[in-house]
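Below is one structure, written out as structure tokens; the observations come after it.
These numbers were taken from a predicted model, which means no experiment stands behind them.
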Amino acid sequence: MGFLGEYEHNIDQKNRVFIPAKFREALGESFTLCRAPMEKCIFVYPDEKWEELTREVSAQSNTLEARQRQRLFFRGSQTVEPDKQGRITIPQKLCDYAGITREVVVFGADTRVELWDRETFEQAMDEAGALDPADGMDVHY
């Protein structure tokens, strides 16, 4: 079973945010934060999934385009460990990238957790809601 659920928390002045216990259990003792490739949020991966992704990115051909994709993928990535209160510290550059300043949505997205600025998340969900949910998906409920 993947990561499911949506939680809201505030980030403190030291860029610490609470990660729900059920996510921490599945993520493990340490996990990796990275920029989302096409959205203004932060992806959070458990170690085994991060290792799988890094192998895929590293296996790409050695063209300039492939190296640029690698740089974008790894830029700002960082492994973190939750403290005893279940909080992680988000590097300032990642907070800046995602526009996180106060309210954070911690969102389960199957193979990863996503960290969003609440307002940005709501805008993204409003835009997604304007799409026909059946477009391009073969999902049976």
Practice item. Return the set of residues passing side chain to side chain contact (heavy atoms under 4.5 Å, CB included) with Lys84 (not counting sequence neighbours), or none when no residue passes. Key: none

Revision key, fill the gap. Contacts of Gln85 meeting side chain to side chain contact (heavy atoms under 4.5 Å, CB included) (sequence neighbours excluded), chain-then-number -> Asp83, Arg87

Study note, to complete from the structure: In short, Asp47 meets Ser30 closest at the heavy-atom pair OD2-OG, 3.1 Å

Practice item. Check the surroundings of atom CD in Gln123: do more than 12 heavy atoms from other residues, nucleotides or ligands lie under 6.0 Å from it? Key: yes

Review point. Do Thr120 and Cys41 have side-chain heavy atoms sitting under 4.5 Å apart?
Key: no

Study note, to complete from the structure: The complete set of side chain to side chain donor-acceptor pair (under 3.5 Å) pairs with one or both residues in residues 31-44, sequence neighbours excluded, reads Thr32-Thr79

**Study point:** With sequence neighbours excluded, residues passing side-chain hydrogen bond (donor to acceptor under 3.5 Å, both in side chains) with Gln78
**Key:** none

Study note, to complete from the structure: side chain to side chain contact (heavy atoms under 4.5 Å, CB included) filter on Gln92, not counting sequence neighbours, yields Asn15, Cys95, Asp96

Point to revise | Distance (rounded to the nearest 0.5 Å) between Leu27 CG and Glu48 CD | key: 9.0 Å

Review point. Would a 4.5 Å heavy-atom cut-off, applied to side chains only, mark Val80 and Thr89 as touching?
Key: no

Study note, to complete from the structure: Residues at least two apart in sequence or cross-chain that pass side-chain hydrogen bond (donor to acceptor under 3.5 Å, both in side chains) with Arg67, listed by chain then number, are Asn62

Practice item. Find out if a path of hydrophobic residues (ILVMFWY) with successive side-chain heavy-atom gaps under 4.5 Å connects Ile42 to Leu53. Key: no

Check your understanding: What pairs of residues pass the ring-ring contact (aromatic ring centres under 6.0 Å, His included) test when at least one of them lies in residues 47-73, not counting sequence neighbours?
Key -> Trp50-Phe73

Check your understanding: Can you name the nearest heavy-atom pair linking Glu29 to Pro82, along with the distance?
Key -> O-CD, 3.4 Å

Exercise for review: Using the ring-ring contact (aromatic ring centres under 6.0 Å, His included) rule, collect all pairs that involve residues 20-42, keeping only residues at least two apart or in two chains.
Suggested key: Phe3-Phe23, Tyr7-Phe23

Revision key, fill the gap. Closest heavy-atom pair, Cys34 versus Ser77, reported as atoms and distance to 0.1 Å, is CB-OG, 3.2 Å

Review point. Testing Val105, Ile88, Leu94 for side-chain contact (heavy atoms from CB on, under 4.5 Å) with Leu115, which one passes?
Key: Ile88

Exercise for review: Kindly write out the residues that satisfy side-chain hydrogen bond (donor to acceptor under 3.5 Å, both in side chains) with Glu81, not counting sequence neighbours, or none if the list is empty.
Suggested key: none

Check your understanding: Would you find a donor on one side and an acceptor on the other, under 3.5 Å apart, between the side chain of Arg112 and the backbone of Tyr45?
Key -> no

Practice item. Could I get the full list of side chain to side chain contact (heavy atoms under 4.5 Å, CB included) partners for Thr111, not counting sequence neighbours? Key: Lys49

Point to revise | Cluster companions of Leu64 among Ile, Leu, Val, Met, Phe, Trp, Tyr (side-chain spacing under 4.5 Å) | key: none

Point to revise | Closest heavy-atom pair and its distance - Ile11, Ile90 | key: CD1-CD1, 4.0 Å

Practice item. Working to the nearest 0.5 Å, report the span between CG of Asn10 and CD of Glu103. Key: 5.5 Å

Point to revise | Lys22 NZ: over 12 foreign heavy atoms closer than 6.0 Å | key: yes

Check your understanding: Taking side chain as C-beta onward, heavy atoms only, is Arg55 less than 4.5 Å from Glu52?
Key -> yes

Practice item. Establish whether Trp116 and Met125 are linked, either directly or via other cluster members, by ILVMFWY side-chain heavy-atom contacts under 4.5 Å. Key: yes

Check your understanding: Does the side chain of Phe121 come within less than 4.5 Å of Glu6's, by heavy atoms?
Key -> yes

Review point. Among the clusters formed by ILVMFWY side chains lying less than 4.5 Å apart, do Ile100 and Val17 turn up in the same one?
Key: yes

Review point. With under 30° as parallel and over 60° as perpendicular, where do the rings of Phe18 and His9 fit, or are they tilted in between?
Key: perpendicular

Review point. What do you reckon, is CZ of Arg69 surrounded by more than 12 foreign heavy atoms closer than 6.0 Å?
Key: yes

Revision key, fill the gap. Taking every heavy atom of Gln70 against every heavy atom of Ser58, the minimum-distance pair comes out as NE2-CA, 3.7 Å

Study note, to complete from the structure: Sequence neighbours excluded, the answer for side-chain hydrogen bond (donor to acceptor under 3.5 Å, both in side chains) partners of Asp12 is Arg16

Revision key, fill the gap. Taking every heavy atom of Ala36 against every heavy atom of Tyr97, the minimum-distance pair comes out as O-OH, 2.7 Å

